[in-house]
Amino acid sequence: MQRIAQVLINITTKNINKAFSYSIPDHLDYVDAGWRVLVPFGNRKLEGFVIDIIIEEDSNRIELKPIIDILDNDKWFDEHMMHTARWISEYYLCNLVDAMRLFIPGKSGVKSVVAYSVEMEVDTETTLVALSAKYPEYSQVLSYIETHSPILSVKLEKKFGPSVLKAIRYLVRNKIIIAESIAKKMGTHRYKTIMSLLMDAEATREQISKLAKKPAQCRLLQYLIDHGQLASDELKKSNTSHETVKKLVQDGLIKLEKVQVVRDSYADICKAKNDISLTAEQQQVLEKIMPKMEARKFQSFLLHGITGSGKTQVYIEAVAAARQKNRQAIVLVPEIALTSQIVSRFKARFGDDVVVMHSKLSTGERYDAWQRLRGKQAGIVIGARSAIFAPLPDVGIIIMDEEHEFTYKQEETPRYHTRQVAITRATLSGAVVIMGSATPAIETYFQTQMGQHTLLLMSKRIANANLPAVTIVDMREELRKKRRSVISLPLQELLQETISRGEQAIILLNRRGYATFVMCRECGHIVRCKHCDISLVYHSVGKKLKCHYCQCIETVPDICPECNSRYIRFFGTGTQKLQEEIVTLFPHIRVVRMDQDTTGGRMAYDRILEAFAKGEYDLLLGTQMVAKGHDVKNVTAVGIIAADSILNLPDFRAAERVYALLTQAAGRAGRGDKAGKVVVQTYNPEHYAVQAGANQDYQSFYESEIVYRKALCYPPYGQIIKLTVQAKEESMARNQAEQIIKELRSLMAESKTVEIIGPFPAPIAKVNDIFRMNIIIKAKDLTNVRAYITSMGLTIRPDVMIDVEPVSIM
DNA sequence: AGCACGCCGACT
DNA sequence: GTCGGCGTGCTC
């Protein structure tokens, strides 16, 4: 009888979707499902996840390679994680390894490198002679390998340059040297050495008096008496050298210990206690949440609170309640860089109990942060969507701020939605989920109405600040009045008034760059990216054309590449041009621009916001990011330039996006005691999303939108799977897509509730020289569709991307 | 993913 | 004839 481990190999290839069997050596007999292990795979050593143990009755029936080692001191994946990973792989149609990888810090727990040494049977002397006649440069490499073996390929490259790869290949092929895979564990603990006294202070003082002629040793001992301990990397603090330490250890006066270092890059953020009294509304909402928390049962809430109603304080109190019961909390935010306010408020309240997950954390830092949560040394994790996978042993509450944000959907495999994972996880561990938003996703609101979530309403702004007054400006009307400026007259007037009163304004324009497209006036030719099917954007900084998809940069052509005319002109307005226009209109205004181009650096976003909040600028202009979650009391005016440009996109969520954008942008105005004013410029003033957005009337927006969704069977009434077929040739992509559709149709011939649309080229059909063909599958229920897709083998085809419940059908 | 194997064209 | 191009298939 023999226990055999079923192991998934942690490599990112779609076409391996099966477990491999390994024997378990005696000294690792405790290895069980959920362990991370090191296994031989081909001629490499790789990380594997044990997903199952099977018992083989007659042992040695098959030759199996053994597990080499374990990667952690205990099992990494607990029952809940395994369950959630399985659910993700089934629901979102991805490989189980891909789903499991979400639960580990970094991409892999091991780094595999190759080392070379000379083959045992090879007689180096004669080989060298033979080689030097034929390939003198190869013989040099060989003799270097002989004297330095085993040697890493990177080191050989450093020594001989990249051409050494050719030599290595030759030597391996001819069995003169052998390649050996070496696995290095990644992201494990970092240790530092701490020294401390072996005896008590009294005894040590006695020793010091005997060491009068050894001043360095005395200094160190004295330091240890005063401070208790000293880290070896802080030796210079006591003005002592390494040799002194060695001597004292030898003499038995001090001892050295290895202690694990926990890296925490946010450790230094303030933690002043704040005492905020709750509003009546906040109190009421919390009273509904608390009993459910007591019950330790899953319950989800939709916290529908208008902008500025104080949702963050509700989150903080709810988390505090969970912590009091010694349960842990996950706080999800759409994007950590844009939400430093929420982070600092949690830090201020909970101090070191908060772990901030940051995309810029190194694997090691991430590992340590997770380790603190696993060991319950910290109880709260804040982060973007990946924080939902943090290894908390006992989750009591999951907060999802701005639950409608699309960043909660991962746009690469596994294409999970954080909301779904949160609910799955909370169900398993009996936790409460609070989804907060001023503009809930249509699906979430619908589910709430169906009784899946409990609705919590907050409809008053803190300190009774009023919602801003909104003016809709019909830009067609402006044009009729011969006003061609991007900034309409009403907006100009609003800006003028606001600035003259010493107040601040925000302007939002959804396009960055200077001119959004470049066209020949003679023939209408539009300059496009060579690799992507998209028009290039002119950037005035550097005077270049940029592709916003593949980031490539081109020079502006002098003459039209189509008709050779010289009438190349710039059209459309981006944030750069808008800034220029504002400076022309109001020469004395201090303007700061915020978009991807100005927030390149790590903290640039915070810096700009901080300067603006301090009043160093009168006007903040930029893309969507100016509308996110900040709170500047002196802002009383907001202008939205092309509010409806999104409406022209062929996407069923366009209206929802417009409504959310309008509400959020408008929500920036009048957060203090002064009234706010908003100007919305649009070419679709009568559209329900624009109207409802201007009135901040979610109900009426929801009611119009849900009718449209129902009529066209879009979510929440129908579910969607998007298939994207990729190929280098357009015809190839089309053929493949057509074949898939044919097969799907024949499989689903009898089911009438499934609708297959396509194939049609993705709205941006070519990105980075790859053509993309889309297929949309709409159904009341996707269960059968999933089964068909899997049985057709689409899940393991590298040229087919599967997006279950896509955020957009583009 | 890597890496071997294997079948074709461009060279000594 | 050999070297090296890349297409295919396998890894317990």
Side-chain angles (χ1 to χ4, degrees), chain A residues 2-25 28 31-33 35-71 94-101 104 106-116 119 130-131 133-138 141 152-154 156-157 162-184 186 412-414 726-729 732 736 793 795-799 801:
Chain A
Q2 191 193 0
R3 291 172 80 236
I4 293 169
Q6 299 299 107
V7 177
L8 295 180
I9 310 299
N10 181 12
I11 38 175
T12 48
T13 336
K14 268 190 131 182
N15 46 32
I16 303 182
N17 188 25
K18 62 168 192 176
F20 291 82
S21 301
Y22 288 88
S23 63
I24 303 172
L28 298 176
V31 164
D32 201 356
W35 281 77
R36 297 203 296 172
V37 291
L38 185 66
V39 289
F41 192 69
N43 46 14
R44 292 179 296 164
K45 295 176 179 114
L46 295 174
E47 175 183 27
F49 306 140
V50 180
I51 54 161
D52 202 5
I53 300 284
I54 54 172
I55 307 290
E56 180 66 57
E57 289 304 335
D58 66 292
S59 48
N60 305 331
R61 193 171 56 90
I62 3 162
E63 262 311 291
L64 292 178
K65 288 189 187 176
I67 290 174
I68 299 168
D69 200 1
I70 51 170
L71 289 186
C94 68
N95 293 345
L96 183 54
V97 229
D98 293 325
M100 289 182 82
R101 218 191 336 265
I104 64 167
K107 287 200 164 122
S108 170
V110 292
K111 195 178 162 191
S112 195
V113 285
V114 197
Y116 298 98
E119 183 86 47
L131 262 182
K134 218 169 161 191
Y135 305 105
E137 64 275 21
Y138 289 7
V141 175
L152 301 183
S153 54
V154 274
L156 283 171
E157 264 181 82
S163 62
V164 77
L165 295 172
K166 217 171 136 186
I168 292 173
R169 235 183 100 161
Y170 176 87
L171 294 170
V172 172
R173 266 172 97 111
N174 291 282
K175 304 219 159 46
I176 299 167
I177 59 171
I178 47 164
E180 180 201 7
S181 168
I182 295 177
K184 242 174 81 183
M186 296 281 290
E412 58 194 70
T413 31
Q726 299 178 311
K728 286 201 180 107
E729 302 292 329
M732 179 73 169
Q736 291 294 326
T795 49
I796 54 167
R797 265 178 68 167
D799 60 333
M801 283 188 331

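Chain identifiers are assigned alphabetically (A, B, ...) following the order of the sequence lines, protein sequences preceding nucleic acid strands; residue numbering begins at 1 within each chain.
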d(CG, A/Leu38; C1', C/dC12) in whole Å: 14 Å

Backbone of A/Ile68 reached by a side-chain donor or acceptor of A/Tyr22 within 3.5 Å: no

Nearest-angstrom distance from the residue atom CD1 of A/Ile53 to C1' of C/dC12: 14 Å

Among B/dG2, C/dT11, C/dC12, the one nearest A/Arg44 by side-chain distance: B/dG2

Exercise: identify the closest heavy-atom pair between A/Arg36 and A/Gly109: NH1-CA, 3.9 Å

Whole-Å gap separating P (B/dC3) and NZ (A/Lys45): 13 Å

Rounded interatomic separation in angstrom, taking CG from A/Asn43 and C1' from C/dT11: 9 Å

Sugar-phosphate only, base, or nothing, as touched by A/Phe41 at under 4.0 Å among non-hydrogen atoms: base

Any side-chain heavy-atom pair of A/Ile16 and A/Asn95 under 4.5 Å: no

Side chain to side chain contact (heavy atoms under 4.5 Å, CB included) against A/Asn10, all qualifying residues, sequence neighbours excluded: A/Glu47, A/Phe49, A/Arg101, A/Ile104, A/Ser108

Side chain to side chain contact (heavy atoms under 4.5 Å, CB included) involving A/Leu28 - partner list, sequence neighbours excluded: A/Ile24, A/Pro25, A/Tyr30, A/Val31, A/Ile67, A/Ile70

Closest listed nucleotide, where the reference is the side chain of A/Asn15 and the choices are B/dA4, B/dA1, C/dC12: B/dA1

Nucleotide B/dA4, atom C1' - distance to CD1 of A/Ile178 in whole Å: 16 Å

A/Asn95 CG to C/dT11 P, straight-line distance once rounded to whole Å: 18 Å

Backbone N/O of A/Ser181 and side chain of A/Lys45: donor-acceptor pair under 3.5 Å: yes

Ring-base stacking, A/Phe20 with C/dC12 (5.5 Å, 30° cut-offs): no

Distance in angstrom units between A/Lys111 NZ and B/dG2 C1', rounded: 16 Å

Nearest-angstrom distance from the residue atom CD of A/Glu63 to C1' of C/dT11: 16 Å

Residue-level proximity of residues 7-14 of chain A to DNA chain C when a heavy atom falls under 4.0 Å: none

A/Lys14 side-chain N/O to A/Arg797 backbone N/O, donor-acceptor pair under 3.5 Å: yes

Per A/Ile16 side chain, nearest of listed nucleotides B/dC3, B/dA1, C/dC12: B/dA1

